Number of protein chains: 2
Amino acid sequence: MTRRVKDVTDTARRVGTGVRDGVKDLVSSEDGRASRWDEHREARRAELVEAAVAAIDEHGPGASIAQVSASAGVSRPVLYRYFADKDDLYRAVGAWGAQQVIDGLLPVLLTDTPIRERVEKGCEVYLRLIAAHPHVFFLLVEHPTTDDPLADGKEMVAATIARTLGDVLRDLGLDAAGAEPWAHGLVGLGLSTGEWWLRRRTMSRAAVSRYLSSFVWHAFEGIASEHGVVVDRQGKLRLVAE
Amino acid sequence: MTRRVKDVTDTARRVGTGVRDGVKDLVSSEDGRASRWDEHREARRAELVEAAVAAIDEHGPGASIAQVSASAGVSRPVLYRYFADKDDLYRAVGAWGAQQVIDGLLPVLLTDTPIRERVEKGCEVYLRLIAAHPHVFFLLVEHPTTDDPLADGKEMVAATIARTLGDVLRDLGLDAAGAEPWAHGLVGLGLSTGEWWLRRRTMSRAAVSRYLSSFVWHAFEGIASEHGVVVDRQGKLRLVAE
DNA sequence: AGTAACTGTTACTTGCCGTAACACTGAGTT
DNA sequence: AACTCAGTGTTACGGCAAGTAACAGTTACT
């Protein structure tokens, strides 16, 4: 797995004839032969990511390209049409996993039940999700982070959390600079706790979930209250005079 | 980097003649020609780990065996006399880094200044340490975790924290089962926050340190107080009637 | 009809890990 | 003093997995 960061659009370039690179994006001069594949590529990429997920489920996070392509039922060069290299493919898998987590988590966090309940439910959901694809989860953990929040799984999740957390803080008129470090820290907290749990399995999901959520919750509440924000009896945040 | 876990003592076995495996550890029958190297091996291993650290500092966490051996001034096969494979070597590097962290952290955490101060100081020290060898730190982050707490860096730190945290909880007569998940979570929290900081460098160390320590501190205090343990004015823990 | 952008293949190159085979040194054994 | 064990080190090889080249077939737009 190389560390080199490649432009995601390389895939397109690799195939291009070079002739069509000049004045090209004028609306009328579009060649239908070029554009008709645009959505197909996306679909195919997604399909191959699914195959990769299956291969990783089966062979572990170190699954080779050969195993992935076998799982997709094609030969290896095909993969290289859609992904610049192994790293690119595995980053896409990471993004897939992250999306799963985000999709599972956001709805839970954005209800208007008491905050602590949301945190507890969120942990529960999170643990359930990672247990569904442990190997993919390990891949995500181990995979080197890139700086691109769109490509890297951990970054995707962290960015999402940072955004929503920042919103909350700003709404309360608090310093929002902490959103980023806290979000990344939170992600790490989840990753390591999850990894420990999945590897050891020495504790029920419910139990880890309680420990995890109490960690998160108390950190949140403590920080809030230090800045004059308390949680009232309905479980809502409220700014009180300091 | 293979995932296979190898017995650390393989190195010794690989060289053994096979004849001397039977009744051997009787005190008198020791052959001095065998034993005289025992400490030397340790020393050499440590020396090679140092070289690996230097190579990683220079070439990044993906440094090849060739680069490490070059940095040590020897040829590659030499490395394989002391380390079963690349994974073994890099695990040793991880252990080295973890030891740095533990050595730096424990003295700070075990003073008897107010607890919050210790946490803050600890974060500060931690961030300073990882900034000294960012690439080694990244290696540690990415390196797949093994189940052996003696070999894996993250596990080493987590185990240490789990032990001391467990002691504190037991002293207070509280449920200590949370020590493990919390310790691992704490490690992840530190790893991810550290990684984010080192990669982006968008915030001063002092600032991250404050955010990190407030996260940790409030989690700690909140959990404690939920179980009837408060922090008094001297910053000491005190069990109060519930 | 012609062609652009795919579908896919087999066979190759390259890079790096890990090992084999061999020569030398120096302290401990006999 | 002769022997031998556990080291020191080398160069050269084998093998696996990533990534590329080169080539053949298909389908819808021009």
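These numbers were taken from a predicted model, which means no experiment stands behind them. Residue numbers begin at 1 in each chain, while the letters A, B, ... track the order of the sequences.
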Length of the line joining [X]:[atom1] and [N]:[atom2], which is rounded to integer Å:
| X | N | atom1 | atom2 | answer |
| --- | --- | --- | --- | --- |
| A/D85 | D/dT20 | CG | P | 8 Å |
| B/L48 | D/dG7 | CG | P | 14 Å |
| A/D88 | D/dG19 | CG | P | 10 Å |
| B/L79 | C/dC17 | CG | C1' | 12 Å |
| B/E42 | D/dG7 | CD | C1' | 16 Å |
| B/K86 | C/dG15 | NZ | C1' | 11 Å |
| A/Y80 | C/dC12 | OH | P | 18 Å |
| A/I65 | D/dC16 | CD1 | P | 18 Å |

Who pairs with [X] by side chain to side chain donor-acceptor pair (under 3.5 Å), at least two apart in sequence or on another chain?
| X | result |
| --- | --- |
| B/R128 | B/E124 |
| A/Y211 | B/D175 |
| B/Q99 | B/D103 |
| A/H135 | none |

Task: Given C/dG18, D/dA18, C/dT7, the nucleotide with the shortest approach to the side chain of A/Y82 - done: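 The listed nucleotide nearest to A/Y82's side chain is C/dT7.
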
Task: Selected nucleotide, minimal atom distance to B/V78 side chain, candidates C/dC16, D/dG19, D/dT10 - done: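 Selected nucleotide: D/dT10.
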
Task: Salt-bridge present (B/D167, B/R163; N to O < 4.0 Å) - done: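 Judged by the 4.0 Å cut-off on N to carboxylate O distance, B/D167 and B/R163 do not form a salt bridge.
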
Open item on the list: Between A/R200 and B/E155, does any NZ, NE, NH1 or NH2 come within less than 4.0 Å of an OD or OE carboxylate oxygen?
Closed with: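 Salt bridge between B/E155 and A/R200, a charged N being under 4.0 Å from a carboxylate O: yes.
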
Open item on the list: Going by side-chain contact (heavy atoms from CB on, under 4.5 Å), name the residues that satisfy it together with A/A132, two or more places apart in sequence or in a different chain.
Closed with: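 side-chain contact (heavy atoms from CB on, under 4.5 Å) list for A/A132, sorted by chain: empty.
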
Task: Distance test, side-chain N/O of B/R44 to OP1/OP2 of D/dG7, below 4.0 Å - done: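 Indeed not, no polar side-chain atom of B/R44 lies that close.
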
TODO: Using a cut-off of strictly less than 4.0 Å between a heavy atom of the residue and any atom of DNA chain C, enumerate the qualifying residues of residues 67-77 of chain B by number.
DONE: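 Per residue number, the list reads B/R76, B/P77.
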
